[in-house]
2 protein chains.
Amino acid sequence: MNIGEIAKRAGVSRSTVSYALSGKRPVSDETREKIQRVIDDLGYRPNASARALANGRTSTIGLVFPPAGDHYTGMQLDFIGSVVEAAAAYDYDVLLSPSGVDSDRSFQRLLGERRVDGAILMEIRLQDDRVDHLIAENFPAVCIGRTAQPEGDWWVGLDHTALAAACVHYLADLGHRRIAFVNRPERLLRAGYESAHRGLDGFTKAAAERGLTARTYDCGDDAPSGQACVERILHDDPDTTALVTLNEAALGGLYRGLAHAGRHVPRDFSVTGVVAARWAETVTPQLTAADVPAAQMGRLAVELLVERLDHPDAPPRQQLLAPPISLRGSTGPAYAVGPASPGSA
Amino acid sequence: MNIGEIAKRAGVSRSTVSYALSGKRPVSDETREKIQRVIDDLGYRPNASARALANGRTSTIGLVFPPAGDHYTGMQLDFIGSVVEAAAAYDYDVLLSPSGVDSDRSFQRLLGERRVDGAILMEIRLQDDRVDHLIAENFPAVCIGRTAQPEGDWWVGLDHTALAAACVHYLADLGHRRIAFVNRPERLLRAGYESAHRGLDGFTKAAAERGLTARTYDCGDDAPSGQACVERILHDDPDTTALVTLNEAALGGLYRGLAHAGRHVPRDFSVTGVVAARWAETVTPQLTAADVPAAQMGRLAVELLVERLDHPDAPPRQQLLAPPISLRGSTGPAYAVGPASPGSA
DNA sequence: CCCATCACGCGAACCGGTTCGACGACCGGA
DNA sequence: TCCGGTCGTCGAACCGGTTCGCGTGATGGG
């Protein structure tokens with residue numbers, strides 16, 4: 001069922017069939033209809049590999065996701081879903097590539113073997129050899145997140161620094177003086193994950209600026225780790241009255257840890273952070289948080305990539321998002337707790 | 001940077017390079033090393049489209065996911081992740097296809113245009129035209145889930161009937177007499193989703209068998225819907241003492257609804273169901289549930305598909321899983337509550 | 001009436017691999 | 001010395017599209 005077969009049955013040449021389909025050259029109404037009838041009869045569809053070979057475009061974009069491998073967070077699901085849908089709207093397929101265990105290998109598959117026209121990278125690190133590599137090759141790619149030197153690159157990112165700082169200021173305004181930061185796992189921090197680093201920076205600086213007592217913690221991407229993390233926090237400083245987190249997978253565990261410690265949210269303890277709305281709403285009380293607009297970011301990334309593919313020489317474009325904090329029920333004014341606090345301020 | 005270039009620089013013919021790479025015909029050590037050196041120098045990788053065109057295999061499998069479009073649940077993420085990783089182990093890439101808005105179109109893209117060698121389907125319906133279509137075409141596919149007549153097909157599935165029944169029996173053994181079932185959204189039920197239907201069946205039959213008073217509810221795939229659903233349940237029958245759910249996205253909302261109604265889990269009210277462990281652990285108290293082994297199912301689906309691809313005439317294989325109920329903290333013995341109960345039994 | 005123009009369609013080359021048949025060199029045995 | 005068989009390599013055809021240059025018949029203006 002190839003184009004030659006169609007041509008034969010329609011009594012025309014292969015090239016005429018091709019032109020009738022692509023419209024790149026005029027074809028008389030009569031022949032076009034004749035061809036179309038044959039195509040409809042046989043249910044013909046042009047072979048994607050042959051087309052890709054001939055015109056050098058695969059109509060596929062690669063989605064390179066976490067070197068994390070073991071654990072996926074809900075945010076990533078939203079990214080994937082929105083990227084796939086946005087890509088479909090532009091007639092692109094999405095090829096998933098785990099840069100997991102053997103990141104080079106799958107990278108070579110995507111780029112070296114020309115399986116994709118362009119790529120979207122998730123889970124960016126401040127120093128990211130994947131990004132360096134792509135820039136060096138001038139390969140059309142868009143990052144979800146940005147490296148330490150993001151100037152000349154294409155990306156859509158979240159201003160984690162500002163968002164974490166906003167959370168701190170919000171808590172400080174409520175009167176909290178002793179707060180904690182619950183970050184992603186140490187492994188990711190060591191690897192240089194940008195959200196973990198920029199969030200930590202924003203938190204630390206804002207806390208210093210407001211003269212708060214602040215501690216920072218790493219926490220595994222799961223509920224039990226979150227619970228354990230709260231135990232550490234309250235052990236290290238029982239007077240802590242609030243926490244900020246980027247770790248949505250640990251959120252349920254954080255709440256459980258607080259409940260077990262007898263801290264009522266938000267009466268005794270406030271929780272906030274940077275989390276996708278869907279997940280902020282699963283906990284009780286619902287989390288006051290800067291909502292990660294994951295779906296929007298995925299869509300934007302595709303739009304940028306399509307622009308880059310259509311205009312290979314276009315100047316780099318970026319989108320830095322900083323969603324506002326959505327007020328829900330997990331934060332409240334700080335009250336003096338325990339014997340140590342009255343003396344402060 | 002194509003095979004001809006390599007051949008020229010190594011001073012051999014294109015076919016010799018091809019054989020040196022594939023090993024399908026003997027090549028002298030000397031020539032092979034010479035070729036390999038050139039390849040390493042230039043960083044050559046064979047073009048995937050050309051190769052696919054020539055040998056008819058794309059080394060790509062399609063992952064067809066939900067017509068749900070708007071909402072993704074955590075389970076799906078686990079499926080996707082495990083499928084991608086398992087596929088990578090067999091040297092397959094994964095092409096994501098949203099059978100969302102326009103299921104036919106993307107289906108045609110995958111199969112008609114020969115973008116993939118085989119496919120894995122998620123979110124199966126009891127009557128599923130996608131599956132019928134694939135079977136009719138004898139296209140190599142494996143379903144995660146099964147249709148109403150699954151005999152001759154390839155699939156890995158979860159025994160939702162048995163699992164939902166096991167939850168009912170477990171609750172009945174604890175003394176619960178009035179229970180509710182929280183299903184997926186009505187839209188999915190109407191569409192014929194197998195998990196929703198088989199789960200509902202198992203629940204209903206087991207409840208009848210045990211002589212329980214049982215009500216069933218549809219519930220949106222999000223926390224607010226879960227909360228509203230609990231309100232409906234307690235409004236319809238305030239003496240309800242337990243619920244069974246398949247709806248992991250609503251889980252957090254179910255807990256919130258119970259908390260707002262003043263029901264303490266598990267003292268006043270037991271909750272159980274069929275939910276992936278990761279999500280069962282995010283709520284407090286952690287959910288006693290049959291853990292959906294999503295990662296295992298994804299892996300199995302890939303293994304079955306690879307077998308089917310390697311042996312086109314192999315007889316269909318299936319895997320029906322029925323994980324045991326993991327005891328956590330969300331269930332307990334039933335006590336007489338409210339004025340209406342004492343008369344029962 | 002003749003030639004320039006145009007619309008339409010054809011054939012061939014090409015994209016970059018794989019694979020098959022053939023061929024020359026070299027070997028050992030008769 | 002000649003012959004048969006292996007081993008290693010080559011050239012050509014093929015996979016199924018796209019695209020370029022050209023030919024042809026119809027059309028119309030001078």
Side-chain angles (χ1 to χ4, degrees), chain A residues 1-39 42-60 91 93 108-117, chain B residues 1-39 42-60 91 93 108-117:
Chain A
M1 196 82 53
N2 55 32
I3 201 174
E5 186 73 11
I6 303 297
K8 196 187 301 174
R9 302 211 187 195
V12 299
S13 74
R14 303 197 308 147
S15 53
T16 301
V17 176
S18 178
Y19 286 123
L21 282 171
S22 70
K24 295 194 177 176
R25 275 196 191 177
V27 170
S28 73
D29 288 351
E30 188 191 0
T31 37
R32 181 160 357 95
E33 283 160 18
K34 196 165 53 186
I35 291 170
Q36 192 57 53
R37 264 196 302 277
V38 176
I39 287 179
L42 274 65
Y44 163 78
R45 307 227 70 199
N47 179 302
S49 303
R51 172 176 290 182
L53 176 59
N55 68 14
R57 302 178 356 93
T58 60
S59 297
T60 302
D91 255 306
D93 282 329
Q108 279 307 313
R109 257 182 100 99
L110 282 194
L111 314 191
E113 302 182 5
R114 309 227 124 75
R115 277 175 208 273
V116 301
D117 296 336
Chain B
M1 194 81 54
N2 55 30
I3 202 174
E5 186 73 10
I6 304 297
K8 197 187 301 175
R9 302 211 187 194
V12 298
S13 74
R14 302 197 308 149
S15 52
T16 301
V17 176
S18 178
Y19 286 123
L21 283 172
S22 69
K24 295 194 178 177
R25 276 197 192 177
V27 171
S28 74
D29 288 352
E30 186 191 3
T31 326
R32 181 160 357 95
E33 283 159 18
K34 196 165 52 187
I35 291 172
Q36 193 57 52
R37 264 197 301 279
V38 177
I39 287 178
L42 275 65
Y44 163 78
R45 307 227 71 198
N47 180 302
S49 303
R51 172 176 290 182
L53 176 59
N55 67 14
R57 303 180 355 94
T58 60
S59 297
T60 302
D91 256 308
D93 282 330
Q108 279 307 314
R109 256 182 100 99
L110 282 194
L111 313 193
E113 303 182 5
R114 310 227 124 72
R115 277 174 208 274
V116 301
D117 296 336

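The chains referred to below are lettered A, B, ... by the order of the sequence lines, with proteins before strands, and numbering in each begins at 1.
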5'-most by nearest nucleotide on DNA chain C - B:Leu21 or A:Arg32:
A:Arg32

Quick check: on DNA chain C, is the nucleotide nearest B:Ser22 upstream (toward 5') of the one nearest A:Asn55, or the reverse? Name the residue that is more 5'.
A:Asn55

Under-4.0 Å side-chain N/O to phosphate OP1/OP2 contact, B:Thr16 with D:dG8
no

Counting heavy atoms from C-beta on, name the nucleotide in [options] closest to the side chain of [X].
X       : options                : answer
B:Arg51 : C:dA22, C:dT18, C:dC15 : C:dT18
B:Ser13 : C:dT18, D:dC10, C:dG9  : D:dC10
B:Ala54 : D:dG8, D:dG16, C:dG16  : C:dG16
B:Ser18 : D:dT18, C:dT19, D:dT9  : C:dT19

C:dG11 base to A:Ser15 side chain: any donor-acceptor pair below 3.5 Å?
yes

State whether the distance check finds a donor on one side and an acceptor on the other, under 3.5 Å, for side chain B:Arg25 versus base D:dG8.
no

Rounded to the Å, how far apart are B:Lys24 NZ and D:dC7 C1'?
20 Å

Return whichever of A:Asn2 or B:Tyr19 has its heavy-atom-nearest nucleotide of DNA chain D closer to the 5' end.
B:Tyr19

Between B:Asp29 and A:Met1, who's closer to the 5' end of DNA chain D by nearest nucleotide?
B:Asp29

Using a strict 4.0 Å threshold on nitrogen-to-oxygen distance, state whether B:Glu5 and B:Arg9 make a salt bridge.
yes

Determine whether more than 12 heavy atoms belonging to other residues, nucleotides or ligands lie under 6.0 Å from atom CZ of B:Arg32.
yes

